Amino acid sequence: MARRPLPRILSTGSAQIARNRELARAQIARSRELARTAADSASDVLHPLITITRGLRRLASAGRRRWADTPKDRRGPLLFLVASVILVVALVPYGPLLAVITLMAAAAWQGRDRGPSTPDGPDESQTERLRSLYEALVPYFSAAEDPAPLYAHGGEWEKAFPEYEFDGTGRVSSLLIRYPAYFTDGEAQARARIEHLLTTKSGRGREYHFAWDEEGNELTVTVLAPLPTGIAAQRFVTSPGETVLGFTDPTQVQRTLPLTYGDQQRDVPPVVWRTGIRSTEPHLLAVGQPGSGTSTLLRSIALQALQYGDIVIVEGGSTGEYACLIGRDGVLAVECGLAGALASLEWAATETERRLIATNRARQSGNPPPEDTKRPLWILLDRPTTFSHLAVADDRKDPQSLLQVPLRHGRAVGVTVVVAEQWDALDALSDAVRQHTRARVVLGPATAQQLETVLGAPPHTTPVADVPPGRGYARLGTGPVHRLQVPATPDPYDDATSEAHRQAVLDLLPARTTPVEAESLGRLEKTEQEPEQEPEPVPAEAVVAETS
């Protein structure tokens, strides 16, 4: 049986509707264009009338102010004088016509646009800067085989730089560069040469952001404003599992935090690091030079972690940077010696295993995980390679070897490891630390090669040599590289700390408590203690276990 064709209205209905929609959109666009053209034409035609009306309004306002400022005893003679002038003008031949012409001229003068006239183009010094940039780019953006080169010595720089802006000092603050399609913008070395050249020619000492548009063959160069350095430590509006590493540019993230900045309230875009079971970057590595702010970053993380969890601090520098946290609620240990560091890290590894076993048994029986496995545990290590050298000299176990279990399995049971190390000892970090710390932070001055080595990708900005403490870059996993400014979290016991920053840190510290009860920290009594060693600080739970 032959199939009957479908009715024409069904087969062509959707196409007809689509054509009608396109026609309607075209008509709307044409109507808007006509309305815009009519408005522009009317504005041009009525511009003299608008100017005169504005001037009459200003003259009337000036007259009202003059009448209001005149004392009451002088208003009568002033009114008689004005009436006399009007009478004389009315009696003089052509007086009213001359008066109207004079009034219109005065209104036109008063109604003129008094705004500063913007120049149509750059001045002589700015033109010279743009021409210099153009000539410097000629060897990189030109080829002998190009029949119509965009870049040529003595060529027109206006075609290559369609958009540009200058700051108050006369230097380039924003620039749009067009380059030929045959330029190898997909090669990192070729792009790096152009970025280095533009940084040198546009002015050193500033941070530049380079946005390459490979499809449109355009490069946008923007001078970045310095990140705020005066933001003190404070309670951030975050949820459990979120840690604020610092603050970045507003174009990099889509979230802001309300902060107290001096005496003002500001919304600043943060770099938020998410930890916990569903985190893809459960552990962090921070690298920097001495004085770059790595200890400040660890103190900031510790103050935020104490809101919801417990922390164990191992300090290899033995400088007392974390003395303010000793004896605080939630601080299980602050170790500065080799024996104490080994005891604390061995307990952390044992605690991670205990949590794994308890969680596994609960899941096998169909029950939720125990409550004592849900509280986050943070292990903060500042310069752990120092203990590695001491352990080798003393023929003892490397403390970094005790981090393998927390690093590999800590995410599933709420154990987070944060390591801060300096550039000169970066090679001494163990493979486990390198492999499992997917969140990376680099603070202080660093070259582009060093940043790419630690972060895994080059930044889109040019690093500068002179940066304030706590200033650097951050990258979370495979995400973009962010500029970073760590909130000011100094040691409150340091005499060089300002009173405002000291008080801000002291306000965030938990209450100082007595040694923690044995039942919560009794697992530390399993750690080995060597009597022949010089007495060093040991975890509080071991002392409690001996006195119980």
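Source: prediction; values computed, not measured.
Side-chain N or O atoms of Arg512 include one that pairs as donor or acceptor with a backbone N or O of Ile326 at under 3.5 Å. Listed for the Arg266 side chain is no donor-acceptor partner under 3.5 Å among the backbone atoms of Leu259. Here the side chain of Ser279 pairs a donor or acceptor atom with the backbone of Glu281 at under 3.5 angstrom. Of the possible polar contacts, one joining the Ser401 side chain to the Asp398 backbone as a donor-acceptor pair under 3.5 Å is found. A distance-only check finds a donor-acceptor pair linking the side chain of Glu315 to the backbone of Thr319 [under 3.5 Å]. The backbone N or O of Leu455 lies less than 3.5 Å from a partner atom in the side chain of Arg475, making a donor-acceptor pair. The closest donor-acceptor contact from the side chain of Ser132 to the backbone of Glu128 lies at 3.5 Å or more, if one exists at all. When atom types are taken as modelled, the side chain of Arg375 and the backbone of Gly309 share a donor-acceptor pair closer than 3.5 angstrom. Of the possible polar contacts, none joining the Ser388 side chain to the Thr386 backbone as a donor-acceptor pair under 3.5 Å is found. With hydrogens and angles disregarded, a donor-acceptor distance shorter than 3.5 Å links the side chain of Thr447 to the backbone of Gln450.
Considering CG of Leu345 and CZ of Phe387, their distance stands at 8.5 Å, rounded to 0.5 Å. Here the OG1 atom belonging to Thr489 is positioned 9.5 Å from the CD atom belonging to Gln234, to the nearest 0.5 angstrom. Summarising the geometry, atom CD belonging to Gln126 is positioned 8.5 Å from atom OH belonging to Tyr164; distances are rounded to the nearest 0.5 Å. To the nearest 0.5 angstrom, Leu245 atom CG is 6.5 Å from Leu484 atom CG. Remark: Leu306 CG to Leu508 CG distance equals 10.0 Å, nearest 0.5 Å. Atom CG of Asp431 sits about 9.5 Å away from atom NE2 of His436, to the nearest 0.5 Å.
Between Asp310 and Val331 there is no side-chain heavy-atom pair separated by less than 4.5 Å. Using a 4.5 Å heavy-atom threshold, the side chains of His460 and Phe210 count as separate. Thr437 has its side chain within reach of Arg440: a pair of non-hydrogen atoms, C-beta onward, lies under 4.5 Å apart. At a threshold of 4.5 Å between non-hydrogen side-chain atoms, the residues Leu407 and Val405 do not count as touching. Side-chain contact between Leu175 and Phe166 is absent, with no heavy-atom pair separated by less than 4.5 Å. In this structure, Leu133 and Ser202 have side chains that are in contact, with non-hydrogen atoms separated by less than 4.5 Å. In this structure, the side chains of Thr243 and Trp378 come closer than 4.5 Å at one or more pairs of heavy atoms. Under the 4.5 Å side-chain criterion, counting only non-hydrogen atoms from C-beta, Pro290 is in contact with Gln422.
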Verify side-chain contact (heavy atoms from CB on, under 4.5 Å) between Val268 and Thr256, making sure each step is shown before the conclusion.
CA-CA 5 Å; Val268 183; Thr256 59; over 6 Å; no
Would you please test Gln435 and Arg408 for side-chain contact (heavy atoms from CB on, under 4.5 Å) and show each step?
CA-CA 9 Å; Gln435 294 175 3; Arg408 292 179 179 178; 5.5 Å; no
Show, in sequence, the C-alpha distance, side-chain angles and deciding distance for Arg502 and Asp507, and conclude whether the salt bridge (charged side-chain N to carboxylate O under 4.0 Å, His left out) test is met.
CA-CA 9 Å; Arg502 177 187 292 109; Asp507 293 341; over 6 Å; no
Between Leu342 and Leu402, is the side-chain contact (heavy atoms from CB on, under 4.5 Å) condition met? List the steps.
CA-CA 8 Å; Leu342 288 173; Leu402 301 173; 4.2 Å; yes
Should Gln304 and Ser300 be marked as a side-chain hydrogen bond (donor to acceptor under 3.5 Å, both in side chains) after you check the CA-CA gap, both sets of side-chain angles, and the distance that decides it?
CA-CA 6 Å; Gln304 298 179 62; Ser300 176; 3.3 Å; yes
Determine whether Val418 and Trp273 satisfy the following criterion, side-chain contact (heavy atoms from CB on, under 4.5 Å), listing intermediate values before the conclusion.
CA-CA 12 Å; Val418 180; Trp273 173 39; 3.9 Å; yes
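Here the two rings, on Tyr134 and Tyr151, have centers that are under 6.0 Å apart. Remark: aromatic rings of Trp212 and Tyr179 are close, center separation under 6.0 Å.
Taking the ring axis of Tyr473 as reference, the NZ or CZ atom of Arg471 stays within 45° of it and closer than 6.0 Å to the ring centre.
A donor-acceptor pair shorter than 3.5 Å cannot be found between the side chains of Glu195 and Thr199. Donor-acceptor pairing under 3.5 Å is recorded for the side chains of Glu421 and Thr385. Remark: the Thr453 side chain and the Gln449 side chain contain no N/O donor-acceptor pair separated by less than 3.5 Å. In summary, the side chains of Thr260 and Gln265 do present a donor paired with an acceptor at a separation below 3.5 Å, with no hydrogens or angles considered. Inspection of the Asp329 and Thr513 side chains reveals no N or O donor paired with an N or O acceptor under 3.5 Å.
Around atom CZ of Arg255, more than 12 heavy atoms belonging to other residues, nucleotides or ligands sit under 6.0 Å away. Taking a 6.0 Å sphere around CD of Glu156, one finds it holds 12 or fewer heavy atoms contributed by other residues, nucleotides or ligands. Around NE2 of His209, the count of heavy atoms belonging to other residues, nucleotides or ligands within 6.0 Å exceeds 12. For Asp466, the CG atom sits in a loose shell: 12 or fewer heavy atoms of surrounding residues, nucleotides or ligands are nearer than 6.0 Å. Around NZ of Lys374, the count of heavy atoms belonging to other residues, nucleotides or ligands within 6.0 Å exceeds 12.
A salt bridge links Glu214 to Arg191: at least one charged side-chain nitrogen sits closer than 4.0 Å to a carboxylate oxygen. Under 4.0 Å is where a charged nitrogen must lie from a carboxylate oxygen, and between Asp491 and Arg299 no such pair does.
Across all their heavy atoms, Gln400 and Ala428 have their closest contact at NE2-O, 3.2 Å. What you find for Ala439 and Leu476 is that their closest heavy atoms are CB-CD2, 3.8 Å. Nearest heavy atoms, Ala305 versus Ile311: CB-CG2, 3.9 Å. Across all their heavy atoms, Glu207 and Val464 have their closest contact at CG-CG1, 3.8 Å. Ala474 and Val441 get closest at one heavy-atom pair: CB-CG2, 4.0 Å. Across every non-hydrogen atom of Thr248 and Arg483, the tightest pair is OG1-O, 2.8 Å.
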